[in-house]
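Every number for a ligand or one of its atoms is a count from 1 in the order of the listing. Keep in mind that this is a model prediction, so the values were computed, not measured.
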Amino acid sequence: MYFSFETIQTFVVGFIIIYAILWIKKPRLSKNEPPMVPYKIPIIGQVITIAGNEASYEIFNASDSFDLNEAIKDVLPMRHVLPTINGFGDVQHMAKMIREEITGKLSLYTGRIQEQLLIAINKEIGDCSIGEEISKHEDVINSFANVSKEFSKFLVIPPFLSFIHPKIHQQVVTLPIRLGWNPIRKHINTLKKYLKPVLEKRLIDKEILGDKYKPPLDVIEYYLNEPEYGTTVTVITDDYLNYTCEVLIHLIFISIHSTTRHISSALHDLAGRPELWDDLYEEQVKIDKECNGMLTIVHIDRMVKLDSFMRESLRTFGEVAGLMHRCIEDSYTFKNNTTIPKDRIAYIYFDDSHYNEVYGPEPRSFLPYYGLNNKKPATKINKNYLVFGAGKHACPGRFFVINEIKILMHKLILNYHIKTESGKLDEKKFAGPFVLPLNTGICLLKFTDDNLSIGNGITSNPTLSKFYVKIDKKQGIQNM
Ligand SMILES: *[C@@H]1O[C@H](CO)[C@@H](O)[C@H](O)[C@H]1NC(C)=O
Ligand SMILES: *[C@@H]1O[C@H](CO)[C@@H](O)[C@H](O)[C@H]1NC(C)=O
Ligand SMILES: *[C@@H]1O[C@H](CO)[C@@H](O)[C@H](O)[C@H]1NC(C)=O
Ligand SMILES: *[C@@H]1O[C@H](CO)[C@@H](O)[C@H](O)[C@H]1NC(C)=O
Ligand SMILES: *[C@@H]1O[C@H](CO)[C@@H](O)[C@H](O)[C@H]1NC(C)=O
Ligand SMILES: *[C@@H]1O[C@H](CO)[C@@H](O)[C@H](O)[C@H]1NC(C)=O
């Protein structure tokens with residue numbers, strides 16, 4: 001691209017003007033707003049409201065007044081990235097699909113989750129005692145893994161222009177896309193390439209088999225039979241492929257990144273706490289015997305200690321504040337009588353809820369059996385456990401993801417001795433209110449006679465933690 005001297009000059013002058021506005025334009029609060037935190041450096045960006053424990057719950061509950069996606073729009077130009085589905089346009093429909101297709105059929109998916117996880121463990125770590133061949137479509141898996149990383153490219157520009165108006169930031173971030181740059185496009189094209197023949201075959205099978213057609217259990221089949229999206233699909237058009245693939249990318253975006261981060265965090269939580277190993281190991285051995293290595297939903301429900309451990313890992317994940325919502329009504333008055341104006345971004349102050357006094361005198365300590373002793377499963381939301389949000393728009397995928405993580409942890413605990421490379425609990429670091437993934441190593445030591453040493457790391461997502469895998473000559477957990 002070519003910039004003339006005049007253009008550059010305009011930019012420079014523009015910046016000076018913006019800087020001047022910045023000094024002059026002090027944020028003004030209207031009556032009854034929560035107080036401003038004292039500050040010295042002029043505010044670059046916008047005023048945000050941090051909602052404490054009670055108010056957080058109100059924000060989730062008042063779904064007519066607050067919207068998560070409206071807040072995300074400021075930083076992620078989804079409308080331009082996924083044009084066919086208008087960004088995250090139909091979140092309600094996505095939630096409905098997840099409730100009906102995924103949560104509703106969870107027991108049917110369990111066998112497949114287990115199979116796929118074992119394949120992945122075998123490939124990335126090795127020796128998990130099954131011999132299935134690895135998925136043929138490596139580049140589809142790569143695309144799934146890389147999409148979240150690509151999205152993060154949009155987040156590198158902090159919304160520093162939002163103080164004038166959030167729309168200005170949106171204009172700036174979307175400029176490259178409007179000029180033709182779309183890092184997600186190549187992944188959509190990969191999916192399109194693989195999906196086209198699959199969908200076409202399904203249509204042919206349907207026509208030939210009629211009532212005998214056995215619909216495959218998956219999300220694309222759900223969308224293929226979705227009366228809400230026009231008549232039942234009869235031809236796989238480019239437009240339809242665009243639509244399905246964008247839906248899949250949306251699904252990947254809302255699921256994979258958060259799942260991998262929490263798995264990596266749970267592994268660190270386990271690896272750094274030797275006092276938990278025996279107890280969790282015993283439970284997994286018992287269940288493994290009961291199910292003969294083939295887990296069903298009933299067996300997963302019996303992993304009560306592992307479930308309680310997971311709840312605690314999620315509670316103490318460390319995000320200080322997050323899940324920002326935009327106030328979409330003219331103004332909103334909290335129960336404590338403070339008011340915030342339209343368009344204000346409110347962050348959920350997780351620390352206030354997750355380290356609440358209900359967790360006892362030391363709420364920041366890791367309480368592995370809190371959930372078990374208080375009959376609070378990892379999927380059950382309450383005022384002091386907001387990892388999945390709350391209210392009408394609480395994460396509908398939480399049943400699937402907790403199941404998936406429990407299956408994975410179960411298999412890993414059974415097959416490996418898991419410890420941190422440093423031998424202690426590694427400390428998390430932060431970027432603003434957000435917790436950063438740990439980049440310290442985790443050793444997965446195989447219970448085996450061979451002392452082979454493998455150097456490859458397992459990474460669920462290239463942007464996340466790296467694990468080192470070592471295989472050692474050790475007989476069993478008692479000997480470690
Ligand atoms: C009311 O709640 C808001 C949101 O949590 C908080 O910022 C504010 O400080 C509270 N006001 C009072 C007077 O407690
Ligand atoms: C949630 O919202 C409903 C209706 O909007 C209201 O009646 C209820 O009191 C709210 N609950 C909480 C805990 O704020
Ligand atoms: C995706 O990630 C894999 C593994 O990190 C890498 O080899 C591959 O080049 C990436 N693919 C794309 C399309 O970015
Ligand atoms: C599908 O998406 C591609 C890439 O955005 C676009 O070039 C193409 O025109 C779309 N197809 C239809 C039928 O809209
Ligand atoms: C909020 O205002 C109402 C009406 O003015 C009052 O009755 C109530 O006690 C106030 N609540 C709090 C928490 O200050
Ligand atoms: C295993 O370790 C022992 C002692 O460290 C060594 O002598 C032996 O060669 C190793 N075996 C293999 C297969 O690497």
Quiz prompt | Side chains of Asn53 and Ser353, donor plus acceptor under 3.5 Å | solution = yes
Practice problem: Before accepting this row, confirm whether a basic side-chain N of the pair Asp238/Lys192 lies closer than 4.0 Å to the acidic partner's carboxylate O. | Solution: yes
Quiz item: Between Tyr109 and Glu404, do the side chains contain an N or O donor and an N or O acceptor separated by less than 3.5 Å?
Solution: no
Self-check item: Axial cation check for Tyr385 ring with Arg311, 6.0 Å and 45° limits
Solution: yes
Exercise. Quick one: sort the Tyr243 and Tyr240 rings into parallel, tilted or perpendicular, breaks at 30° and 60°.
Key: tilted
Exercise. Tell me the residues surrounding ligand 4, counting only those with a heavy atom closer than 4.0 angstrom, sorted by chain and number.
Key: Arg185, Lys192, Asp238, Asp239, Asn242
Quiz item: So which of Ile98, Leu224, Leu251 actually passes side-chain contact (heavy atoms from CB on, under 4.5 Å) with Val219?
Solution: Leu251
